[in-house]
Amino acid sequence: MNPLRRASAALALACAALAGCGPQPPIRIGFLGGVAAQGFNVSEDGRNGAQLAVEAINRAGGVRGRMLELVVREIPYEKAQSQAMAEVLRAVQAEAMIGPFTSTQVLAVLAQADAAGTLLVSPTANAPELGGRDDHFVRLNSALSDSAAAYAEVLVGRGQRRVAVAFDETNLAYSGPWLGALRTSLQARGGQVVAETGFVSGPELSYTAVVGSLLRRPADALLFIGRGADAARLAQQVRLQGSSLPMAATEWAATESLIELGGQAVEGLLTALPYDPSDRSARYQAFYREHQARYGRAPGFGALGAYDAVTVLAEAMARAEKGESLKDAVLRHGPYQGLQHTIAIDRFGDSRRPLHFVVVRQGAFVSPP
């Protein structure tokens, strides 16, 4: 046998030993996002950001020569959906999942994820009971209490010590503790929550009744803990009922739907973003341009968070040692470089993300005066 044929035969044997020399199967990363028809702008935005991250990593050669594949699944907003989400986990058979995007949904599926050994990486969910636990959940957002304290400081600094609050009970794992932390933080600064009105997001919701309840007590400002679509409609009702009170909304509401649906009613509304929209770094600007070109709009915090989540997973996979679980790799091989900041993850899978306060001005989020 001539040398070329001997080399070919040796290569064929090596390929057989490695179960084939063809393209290796992709690494599947699942994406658990809310149903778009139910107004889940944050997770829809997250899907777009995750897809851009997957494509960028694949252009660079993938992870150890294997391409990434994003497997998208929508999950409903209702609370009692743990069984349905568990079936999604089994069906997707992914190395890890990006999401879910609400704390209530994470709590509904976390036990199943732990049992299956499937890592959940959420860009947004941050209920207190999700932190400080040795489980299969990684939180890329800051602790909920840090966010509420920051809002209290800004509101009191603006002279708004008496705050009336409307909160979405559908995601009570988030809104309940957020409201509780706000109460504590306001009291520490000489302020108080003067009214609290819960609501259930959905077609039966009466925004008129919610706002009417808030306006019964004297207040310096109104605050909405809920989705952008609900915050927008609540703001419209505030103005329709003749109130000129300043308004604020938690970062959950800081999406395009808040501006698009709220129109003139949300002009001047205070909210916060877990990213810096004025960032001029080359890394962020390249991402911004690609997102704008692909989807026809600027990226929101869901897109940035999901992009960072894919980056963390890919880097951990690339650095993982033989036999090391993906969970252990993520916790051990950081910190990771995100689009705008360095992502440090502690031994419980908890991280922090800087918060930037903005107001709505002429259809955009801008820094407050």
Original post:
Looking only at heavy atoms, what is the nearest atom pair of R189 and R161, with distance?
Top reply: O-NH1, 2.8 Å
Original post:
Looking at side-chain heavy atoms only, is the closest gap between R297 and N48 below 4.5 Å?
Top reply: yes
Original post:
Under 4.5 Å between side-chain heavy atoms, hopping through other hydrophobics if needed: is there a path connecting L261 to Y207?
Top reply: no
Subject >> Single-linkage hydrophobic cluster V72~V310, side-chain heavy atoms < 4.5 angstrom >> reply: yes
**OP:** For the residue pair Y174 and T250, establish whether any side-chain heavy-atom pair is separated by less than 4.5 Å.
**Re:** yes
Subject >> Pair D134 + R347, salt bridge at N-O below 4.0 Å >> reply: no
Original post:
Is any side-chain heavy atom of H341 closer than 4.5 Å to a side-chain heavy atom of P354?
Top reply: yes
Subject >> Electrostatic pair E196:R183 at N-O distance under 4.0 angstrom >> reply: yes
Original post:
Hey, mind stepping through V163 and L222 against side chain to side chain contact (heavy atoms under 4.5 Å, CB included) and telling me if it holds?
Top reply: CA-CA 6 Å; V163 183; L222 307 176; over 6 Å; no
Original post:
Can you check side chain to side chain contact (heavy atoms under 4.5 Å, CB included) on L182 and Q187, steps first, answer last?
Top reply: CA-CA 8 Å; L182 178 70; Q187 289 171 1; over 6 Å; no
Original post:
For L186 and Q192, what are the C-alpha separation, side-chain angles and deciding distance, and is it a side chain to side chain contact (heavy atoms under 4.5 Å, CB included)?
Top reply: CA-CA 5 Å; L186 280 174; Q192 62 177 317; 5.7 Å; no
Subject >> Nearest heavy-atom neighbours spanning A125 and R139 >> reply: O-CG, 3.1 Å
Subject >> Flag if over 12 foreign heavy atoms under 6.0 Å of CZ, R66 >> reply: yes
Original post:
In terms of hydrophobic clusters joined by side-chain contacts under 4.5 Å, are V54 and M67 together?
Top reply: no
Original post:
M317 and L331: same hydrophobic cluster, using ILVMFWY side-chain contacts below 4.5 Å?
Top reply: yes
**OP:** Please report the shortest heavy-atom distance between Y295 and Q51, naming the atom on each side.
**Re:** OH-CB, 4.0 Å
Subject >> Basic-acidic side-chain contact under 4.0 Å: R294, E55 >> reply: yes
Original post:
Given side chains that start at C-beta, do those of V138 and I345 come closer than 4.5 Å, heavy atoms only?
Top reply: yes
Original post:
When you look at F224 and F199, which way does the ring pair (Phe, Tyr, Trp, His ring centres under 6.0 Å) test go after all the steps?
Top reply: CA-CA 11 Å; F224 310 133; F199 64 87; 8.4 Å; no
Subject >> Greater than 12 external heavy atoms within 6.0 Å of R280's CZ >> reply: no
**OP:** Please examine the side chains of Q105 and L32, heavy atoms only from C-beta on, and report whether any two atoms are closer than 4.5 Å.
**Re:** no
Original post:
Can you list the steps and then say if D308 with R353 is a salt bridge (Lys or Arg N to Asp or Glu O under 4.0 Å)?
Top reply: CA-CA 11 Å; D308 283 350; R353 183 177 288 273; 3.2 Å; yes
Original post:
Shortest non-hydrogen contact from N141 to T124?
Top reply: ND2-O, 2.9 Å
**OP:** Keeping the roles fixed (side chain from D276, backbone from H356), state whether a donor-acceptor pair exists under 3.5 Å.
**Re:** no
Original post:
Can you say whether the rings of Y151 and F357 are parallel (under 30°), tilted (30 to 60°) or perpendicular (over 60°)?
Top reply: perpendicular
Original post:
Picking from T170, D230, N171, what satisfies side chain to side chain donor-acceptor pair (under 3.5 Å) with S201?
Top reply: D230
**OP:** Among residues two or more places apart or on two chains, list those pairs meeting ring pair (Phe, Tyr, Trp, His ring centres under 6.0 Å) that have a residue in residues 305-330.
**Re:** F287-Y307
Original post:
When clusters are formed by joining ILVMFWY residues with side-chain heavy atoms under 4.5 Å apart, either directly or through shared neighbours, do V121 and L70 land in the same one?
Top reply: yes
Original post:
Of all heavy-atom pairs between P299 and A303, which one has the smallest distance, and what is that distance?
Top reply: CB-CB, 3.9 Å
Original post:
What pairs with F348 under ring pair (Phe, Tyr, Trp, His ring centres under 6.0 Å), at least two apart in sequence or on another chain?
Top reply: none
Original post:
Would you call V330 and H333 a side-chain contact if the rule is heavy atoms closer than 4.5 Å?
Top reply: no
**OP:** Side-chain contact test, heavy atoms from C-beta onward, threshold under 4.5 Å: evaluate it for L355 versus L273 and give yes or no.
**Re:** no
**OP:** In sequence, state the C-alpha distance, the side-chain angles, and the governing distance for E95 and L119, and then conclude on side chain to side chain contact (heavy atoms under 4.5 Å, CB included).
**Re:** CA-CA 7 Å; E95 297 289 330; L119 192 65; over 6 Å; no
Original post:
Heavy-atom distance under 4.5 Å between the side chains of Q241 and L215, does that happen here?
Top reply: yes
